[in-house]
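Below is one structure, written out as structure tokens; comments come after it.
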Amino acid sequence: MKKCLPIIFAALLTVSALTGCASRTSLAGQNFSLEQNNATAPSGETTISQPVTSTTGASSPTVSPTASAAYEKLIAYRTEGYQKQSIADFNETLASTPDELTEFLAAVADVSATISPGDENYDFFTTTITFSSHELYCEHMGEELTFSMPLSKQSRPCDYLDEDGETVYDFSCFVEADVAYSINAPELVTVAERDKALLTFKEEMQNYLNSLSEAEITDGDIQKMLKTRSAELANSLSTENMKLSPCDIYMIEIHDAGTEITKTE
């Protein structure tokens, strides 16, 4: 009988990309937190639940002994040369059984709830560990791998701040999108190759959005332009062993001098 911790967890990336399992995250707020829930399937077996994102913007709680132990557990996987390992070998090391997956995802949840961008291992947790944890989860659930890719462009800063002390902009464009991908030969794709492909896709899409003028965004077919660019990137970044798909855009929200324009599929 499979024993799986029922866990609802979200990655906390604020600048780099997330993977998901056909999940879509909201851009309402840039801080991500994790929640853990106990749920039991009708059969009496506990299950691993779908990752979700919290957008409360709450500050991270004080690091608990549990989170500290989880941190030590996960950082142990940052071995010398881990980036040269194949995805198959690296993910197998993280969790090779349902019970190990339960423990691993619990550790990811504990660490993600408390880690800050200033941590020296932040990038390792928010790229390699995040990507691999989602792949393991999706494999367990039989779900498609989906890289969650929020994008934003802001311009014309106002001369006042919001209630949180953040800069307010007269123009902003927020995009919520997913990129499906598949690793056909995980034994032939290294951790470094996977991480670079996904992060490059996100970075280049953000660069493209930044390059567009306000008029192109408000008056043009921004959805079509973004999809066209993503198709070009998917083609250039895909290899025989790892395939990326054009992005699936499901929300575009534009604010222009107080006027809100929402474009959805």
Side-chain angles (χ1 to χ4, degrees), residues 8-20 23-35 51-63 112-119 122-123 125-127 130 146-179 198-230 233 247-265:
I8 299 176
F9 78 103
L12 48 70
L13 290 180
T14 57
V15 292
S16 58
L18 284 172
T19 56
S23 64
R24 293 174 174 178
T25 57
S26 171
L27 281 174
Q30 294 299 314
N31 296 317
F32 299 87
S33 62
L34 302 174
E35 296 177 349
V52 297
T53 299
S54 168
T55 56
T56 60
S59 59
S60 297
T62 302
V63 177
S112 297
T114 55
I115 195 171
S116 66
D119 191 288
Y122 182 78
D123 288 343
F125 286 122
T126 57
T127 53
T130 294
T146 307
F147 173 52
S148 184
M149 188 180 64
L151 306 170
S152 66
K153 175 185 173 73
Q154 296 175 301
S155 57
R156 283 187 270 147
C158 300
D159 58 1
Y160 57 89
L161 306 177
D162 64 15
E163 58 185 12
D164 296 319
E166 300 293 331
T167 301
V168 176
Y169 294 87
D170 241 2
F171 181 88
S172 60
C173 175
F174 299 103
V175 179
E176 293 182 356
D178 285 341
V179 176
L198 297 181
L199 293 180
T200 298
F201 199 116
K202 166 67 166 60
E203 181 181 3
E204 290 301 318
M205 286 299 295
Q206 182 62 63
N207 289 341
Y208 178 70
L209 179 60
N210 290 342
S211 73
L212 298 177
S213 67
E214 294 178 10
E216 287 175 311
I217 292 174
T218 56
D219 302 333
D221 190 338
I222 181 62
Q223 182 167 288
K224 181 178 180 180
M225 289 188 287
L226 289 171
K227 283 193 171 183
T228 298
R229 178 56 181 147
S230 74
L233 285 170
C247 67
D248 175 22
I249 299 172
Y250 49 92
M251 197 281 285
I252 300 176
E253 185 177 292
I254 302 168
H255 298 265
D256 187 7
T259 300
E260 180 177 324
I261 306 170
T262 302
K263 300 181 181 181
T264 58
E265 288 194 324

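Worth saying up front: this structure is predicted, and the values here are computed from it rather than measured.
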To the nearest 0.5 Å, how far apart are [atom1] in [X] and [atom2] in [Y]?
X    : Y    : atom1 : atom2 : value
Q223 : C247 : CD    : SG    : 8.5 Å
N210 : Q154 : CG    : CD    : 10.5 Å
I254 : K153 : CD1   : NZ    : 11.5 Å
N207 : L233 : CG    : CG    : 9.5 Å
M149 : M205 : CE    : CE    : 4.5 Å
D248 : T146 : CG    : OG1   : 8.5 Å

[X] to [Y] - nearest heavy-atom pair and separation:
X    : Y    : answer
S152 : F174 : CB-CD2, 3.5 Å
D119 : I115 : CB-CG1, 3.8 Å
M225 : E216 : CE-O, 3.4 Å
I249 : K227 : CD1-CG, 3.9 Å

What I'd like to find out is whether the side chain of [X] reaches to under 4.5 Å of the side chain of [Y], using heavy atoms alone.
X    : Y    : answer
T218 : F171 : yes
I217 : L209 : yes
F201 : S230 : yes
V168 : L161 : no

Exercise. Step by step, would you call K202 with L199 a side chain to side chain contact (heavy atoms under 4.5 Å, CB included)?
Worked result: CA-CA 5 Å; K202 166 67 166 60; L199 293 180; 5.6 Å; no
Problem set entry | Residue pair Y169, H255: steps toward the side chain to side chain contact (heavy atoms under 4.5 Å, CB included) verdict | CA-CA 9 Å; Y169 294 87; H255 298 265; over 6 Å; no
For this session: Could you tell me whether a side-chain N or O of S172 sits under 3.5 Å from a main-chain N or O of D256, the two making a donor and an acceptor?
Result: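 Answer holds: no.
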Problem set entry | Exam field: side chain D162 to backbone D164, donor-acceptor pair closer than 3.5 Å |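 Judged by distance alone, yes, a pair lies under 3.5 Å.
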Exercise. Can you name the residues that form a salt bridge (Lys or Arg N to Asp or Glu O under 4.0 Å) with E214, not counting sequence neighbours?
Worked result: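 E214 satisfies salt bridge (Lys or Arg N to Asp or Glu O under 4.0 Å) with R156 only.
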